[in-house]
Amino acid sequence: MKNITLVQKELLTWYNKHGRHELPWRKTDDIYHIYLSEIMLQQTQVNRVRDEYYPQFLAKFPTLASLAETPLDDVLAAWSGLGYYSRARNLHKTAQLSQKSLPKTFKELLALPGIGQYTASAICSFGYEQNVPVVDTNIARVLKRYFALLHVKDKTVWEYAQKLLNHKEPRNHNLALMDLGSMVCLPKNPKCAECPLQANCQGKEEAELYTQKKKKEYESLELFYGILVQDDKIALTPARGNMYKNMLELPSVEPIEEDYLGSFKHAYTKYRLHVKLYKIYTCTEVVWVSIDELHKAPVSSLTKKALSTVLY
DNA sequence: CTCCGGTGTG
DNA sequence: CACACCGGAG
């Protein structure tokens, strides 16, 4: 590739002018804050993390040590509604495994639960300012288009990221690629006219060739949950399956027509859930949760949605 | 109803 | 390497 230094420079110039410098986890050098932001940002939109979960979570658990000594229930309660709850379980586990602070090497970080190749690199680059490449989906899309990498393995994309890496300013370089991917080099309808790399971009003519192609086949499921309220408390029960492990949910019931209360839809991954709610009169393995304190309970959005259809 | 996105497991 | 895992925004 030619003019690599020039490309790096144009990228940084664009970043200085258009980058998302105001994101709270970019204005701190607290490695715990940076780590937390990366875990939350896995599979989750920036705005929700920035405006809601990140500030609230840090207010509740200001240090890695405070997180480590908190019961898992409370961590899951703070994560409630954010989804992908294994992230919260792994976060808690990693806090307990880390003595005082997170390790400083890529290899040690990668060994911790919930930290894969991307997150280990991101912590090394954004937190420790180490001279390492970072590749998330946004950066991968930028690199694939720019270098016209069709049908390549992830390993190849990482090699291009390494080749393009700006060793003078690796952190800002990586952040620049990331912002370019999420603001300009969009999966659909990329804004090539605004792109600082457009002149030498090898993929701009057929930009859609480099985006993920996913096949979707949905599976419909009908679920029945029981509602039991006594003294302003709702009957919940420990979640059975692996998905909402360590959380609370409504008890599953057999549908009885005369006890029908209402229904709603919910969706995740390939599943399309049709949920029906029924009055019940007893509940085994019950955990009573005060309706006023539901926000302190480890429950999913599915459970919250169910409760909001029958309470108030 | 479609889109978007890392890690862990088998 | 395929698949499970979430939820809100558009």
Side-chain angles (χ1 to χ4, degrees), chain A residues 34-54 76 78-94 97 106 109-126 133-142 144 151-158 161 174 177-179 181-190 208 210-221 223 239-247 249 264-275 298-308:
Chain A
I34 292 166
Y35 157 62
L36 175 67
S37 75
E38 289 300 339
I39 300 302
M40 285 189 167
L41 289 164
Q42 290 170 7
Q43 314 297 300
T44 306
Q45 305 298 310
V46 168
N47 290 350
R48 291 185 71 211
V49 173
R50 181 194 58 206
D51 299 338
E52 193 181 349
Y53 286 88
Y54 178 78
L76 285 165
W79 206 269
S80 176
L82 197 55
Y84 289 103
Y85 298 96
S86 64
R87 292 183 295 171
R89 291 188 288 266
N90 287 332
L91 185 73
H92 187 241
K93 190 72 173 172
T94 285
L97 288 170
F106 174 86
L109 288 164
L110 190 60
L112 290 165
I115 300 182
Q117 182 173 24
Y118 162 75
T119 304
S121 303
I123 292 170
C124 286
S125 177
F126 307 148
V134 172
V135 179
D136 71 343
T137 299
N138 288 305
I139 293 178
R141 187 173 56 252
V142 172
K144 285 182 187 177
H151 314 305
V152 296
K153 297 180 192 301
D154 288 352
K155 184 169 177 289
T156 304
V157 181
W158 280 86
N174 289 327
L177 283 174
M178 190 170 288
D179 283 1
S182 62
M183 300 166 71
V184 175
C185 195
L186 303 172
K188 296 187 162 184
N189 309 119
E208 67 285 354
Y210 305 93
T211 56
Q212 313 241 9
K213 42 195 157 254
K214 48 180 141 186
K215 55 183 161 201
K216 49 195 60 186
E217 41 189 89
Y218 297 126
E219 185 175 331
S220 283
L221 285 179
L223 299 179
R240 295 282 214 288
N242 278 327
M243 183 161 75
Y244 294 130
K245 193 173 160 193
N246 303 109
M247 300 177 72
E249 62 185 14
F264 63 96
K265 297 183 197 309
H266 191 73
Y268 68 91
T269 59
K270 67 175 185 175
Y271 299 102
R272 296 299 173 266
L273 309 182
H274 299 263
V275 183
V299 295
S300 66
S301 284
L302 168 61
T303 300
K304 285 181 175 177
K305 203 185 285 188
L307 293 173
S308 72

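Throughout, protein chains are lettered first and strands after them, A, B, ... in sequence-line order, and every chain is numbered starting at 1.
- Taking the ring pair (Phe, Tyr, Trp, His ring centres under 6.0 Å) definition, one finds that A:Y218 meets it with nothing, sequence neighbours left out.
- Within the 3.5 Å criterion, the main-chain N or O of A:L112 finds no donor-acceptor partner in the side chain of A:T94.
- Atom pair A:E52:CD and C:dG7:C1' shows a separation of 11 Å (rounding to whole Å applied).
- Here B:dG6 is the nucleotide among C:dC5, B:dG6, B:dT2 with the atom lying nearest to any side-chain atom of A:D136.
- Regarding A:R89, its CZ atom lies at a distance of 20 Å from the P atom of B:dG6, rounded to whole Å.
- Using a 30° and 60° split on the angle between ring planes, A:H266 and A:Y268 fall in the tilted class, from 30° to 60°.
- Contact annotation: A:Y268 does not reach the phosphate of C:dA4 (side-chain N/O to OP1 or OP2, under 4.0 Å).
- Rounded to an integer number of Å, the gap from A:D154 CG to C:dA2 C1' is 14 Å.
- Distance alone, capped at 3.5 Å, is enough to place a donor-acceptor pair between the A:R141 side chain and the A:G181 backbone.
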Derivation of the side chain to side chain contact (heavy atoms under 4.5 Å, CB included) call for A:L91 and A:R87
CA-CA 6 Å; A:L91 185 73; A:R87 292 183 295 171; over 6 Å; no

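- Remark: A:Y54 engages A:W25 in a ring pair (Phe, Tyr, Trp, His ring centres under 6.0 Å) (not counting sequence neighbours).
- In this structure, CG of A:L302 is placed 7 Å from P of C:dG7, rounded to the nearest angstrom.
- Under a 3.5 Å cut-off, the side chain of A:S121 and the backbone N or O of A:Q117 do form a donor-acceptor pair.
- Using a 4.0 Å heavy-atom cutoff across all strands shown, A:R141 reaches sugar-phosphate atoms only and no base atom.
- Residue A:E38 is classed as having no contact, given no heavy-atom separation below 4.0 Å to the nucleic acid.
- Rounded to an integer number of Å, the gap from A:D51 CG to C:dA9 C1' is 13 Å.
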Between the protein and nucleotides 8-10 of chain B, are there any N/O to N/O pairs under 3.5 Å, and if so, what are the atom names and distances?
| residue | atom | partner | partner atom | Å |
| --- | --- | --- | --- | --- |
| B:dG8 | OP1 | A:G114 | N | 2.2 |

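- Summary of the strand contacts: A:K188 and A:S86 both lie near DNA chain B, and taking for each the nucleotide with the nearest heavy atom, the more 5' one is attributed to A:K188.
- Checking C:dG7, C:dC1, B:dG6 against the side-chain heavy atoms of A:K153 singles out C:dC1 as nearest.
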Hey, mind stepping through A:V299 and A:E249 against side chain to side chain contact (heavy atoms under 4.5 Å, CB included) and telling me if it holds?
CA-CA 6 Å; A:V299 295; A:E249 62 185 14; over 6 Å; no

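- A straight line from NE2 of A:H274 to C1' of B:dC1 spans 12 Å, rounded to a whole angstrom.
- Nearest to the side-chain atoms of A:Y118 among the listed nucleotides B:dC4, C:dG7, B:dG6 stands B:dG6.
- Between the CZ atom of A:R87 and the C1' atom of C:dC5 there is a distance of 10 Å, given to the nearest Å.
- In this model, the phosphate group of B:dT7 is approached by a side-chain N or O of A:T119 to a distance below 4.0 Å at OP1 or OP2.
- Going from atom CE of A:M178 over to atom C1' of B:dG6 covers 12 Å, rounded to whole Å.
- The shortest distance between the side-chain N/O atoms of A:K270 and the OP1/OP2 oxygens of C:dC3 is not below 4.0 Å.
- The side chain of A:S301 contributes an N or O atom lying less than 4.0 Å from OP1 or OP2 of C:dG8.
- Across all strands, A:Y53 comes closer than 4.0 Å to no nucleic acid atom at all (heavy-atom distances).
- A:N138 comes within contact range of the sugar-phosphate backbone alone, with a heavy-atom separation under 4.0 Å but no base atom that close.
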